[in-house]
Amino acid sequence: VRIVIGANKFPSNAVENTNQQIITTTGSGTWTVPSGVTSVSVVCIGGGGGSTRNDSSSYSGGGAGLRYYNNLSVTPGATINLTVGAGGTAGTSGGIGGDGGNTWFNGTSTGTASVWAEGGKGNLTGGTGSTTGGSIGGGNGGAGGNYDSTYSGGGGGAGGYSGNGGNGSGTSTNLAQDGSGGGGGGGSRATSGSGGGGGVGLYPGINGSGGSQSGAKGMSGSSGGSTSTTSTLGGEYGGGSGGNDSSSGTGSAGAQGAIRIIWPGTTRTFPYMA
């Protein structure tokens, strides 16, 4: 299923303000460049990694990468290919959680896109990303915390606009890290149901703090919406989920990715506060 998003046609969860569009519908689609627009600035956030539940070990999800591209030349009326990555799926007993999906803009795959952000992995690894030319920036996702035979590790935070997401905690001396450069904080470990990593918002801002108590979720950075004190789910956008070594239930899903497009790209660039 392809989602076509034109200058005057939006899905219910796409938001258009003055000279911008936010796209949060996961999957592949297209975007039509509005009339008179010849340059855009774009930020992509991948999907966070999912976690597993296993009685003898558990894997937490890595946070997604974030990448932006400023002043990308476009043609009015042109059709741009894009994909918004979904969050990694929750793993069942003995199965590692799914990898978060990659998010990309202006291409047919991550390898040919002008900008793309990698999803976090379901095996503790945080996502990265890449761009082709332009004024670029962004951070990598934080790593999930390691399981240490008693505690499952916290999820990794999503990457920020000028720094990386925080790592999730895995041991008593390896505490959940704060995000940097507006990134999400890592989740805190717990005997079961560790905290998910914090996501990252589409408006650059402050760093998300790491989970400060057992099972606490990392806070989202850059005006993200995470306010949950304890939750294994990754925070939007791009947070990795916390592991769960409980004898029942499943792991948790990572948070989905997103794209924000602003124009004109010659004067509106990331990090951009409004």
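Please read all numbers here as calculations on a predicted model, not as lab measurements.
With sequence neighbours left out, N106 forms a side chain to side chain donor-acceptor pair (under 3.5 Å) with S114. Residues satisfying the side-chain contact (heavy atoms from CB on, under 4.5 Å) test with T83, not counting sequence neighbours, are S28, W104. With sequence neighbours left out, the side chain to side chain donor-acceptor pair (under 3.5 Å) criterion links T150 to no other residue. Under the rule for a side chain to side chain donor-acceptor pair (under 3.5 Å), the partners of S51 that lie at least two apart in sequence or sit in another chain are S241. For S252, the side chain to side chain donor-acceptor pair (under 3.5 Å) criterion is met by T232, not counting sequence neighbours. A190 is linked by a side-chain contact (heavy atoms from CB on, under 4.5 Å) to S194, S214, counting only residues two or more places apart in sequence or in another chain. Considering only residues two or more places apart in sequence or on other chains, S162 meets the side-chain contact (heavy atoms from CB on, under 4.5 Å) condition with none of them. Listed by chain and residue number, N71, P264, T266 satisfy the side-chain contact (heavy atoms from CB on, under 4.5 Å) test with S39 (two or more places apart in sequence, or in another chain).
Screening residues 72-88 for salt bridge (Lys or Arg N to Asp or Glu O under 4.0 Å) gives no qualifying pairs among residues at least two apart or on separate chains. Within the structure, salt bridge (Lys or Arg N to Asp or Glu O under 4.0 Å) pairs that include any residue of residues 24-44 do not occur (at least two apart or interchain). Residue pairs meeting the salt bridge (Lys or Arg N to Asp or Glu O under 4.0 Å) criterion with at least one partner in residues 169-188, sequence neighbours excluded, are absent. Applying the salt bridge (Lys or Arg N to Asp or Glu O under 4.0 Å) test to every pair with at least one member in residues 23-37, sequence neighbours left out, gives no pairs at all.
No hydrogens or angles considered: nothing links the side chains of N146 and R189 as a donor-acceptor pair under 3.5 Å.
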inquiry  = Is there a side chain to side chain donor-acceptor pair (under 3.5 Å) between Q21 and W31? Walk through the geometry before answering.
reply    = CA-CA 10 Å; Q21 186 167 350; W31 178 71; 2.6 Å; yes

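Of the listed residues (I80, N19, V42), just one forms a side chain to side chain contact (heavy atoms under 4.5 Å, CB included) with I261, and that residue is V42. Applying the side chain to side chain contact (heavy atoms under 4.5 Å, CB included) test between Y68 and each of P204, C44, P271 identifies P271 as the sole match.
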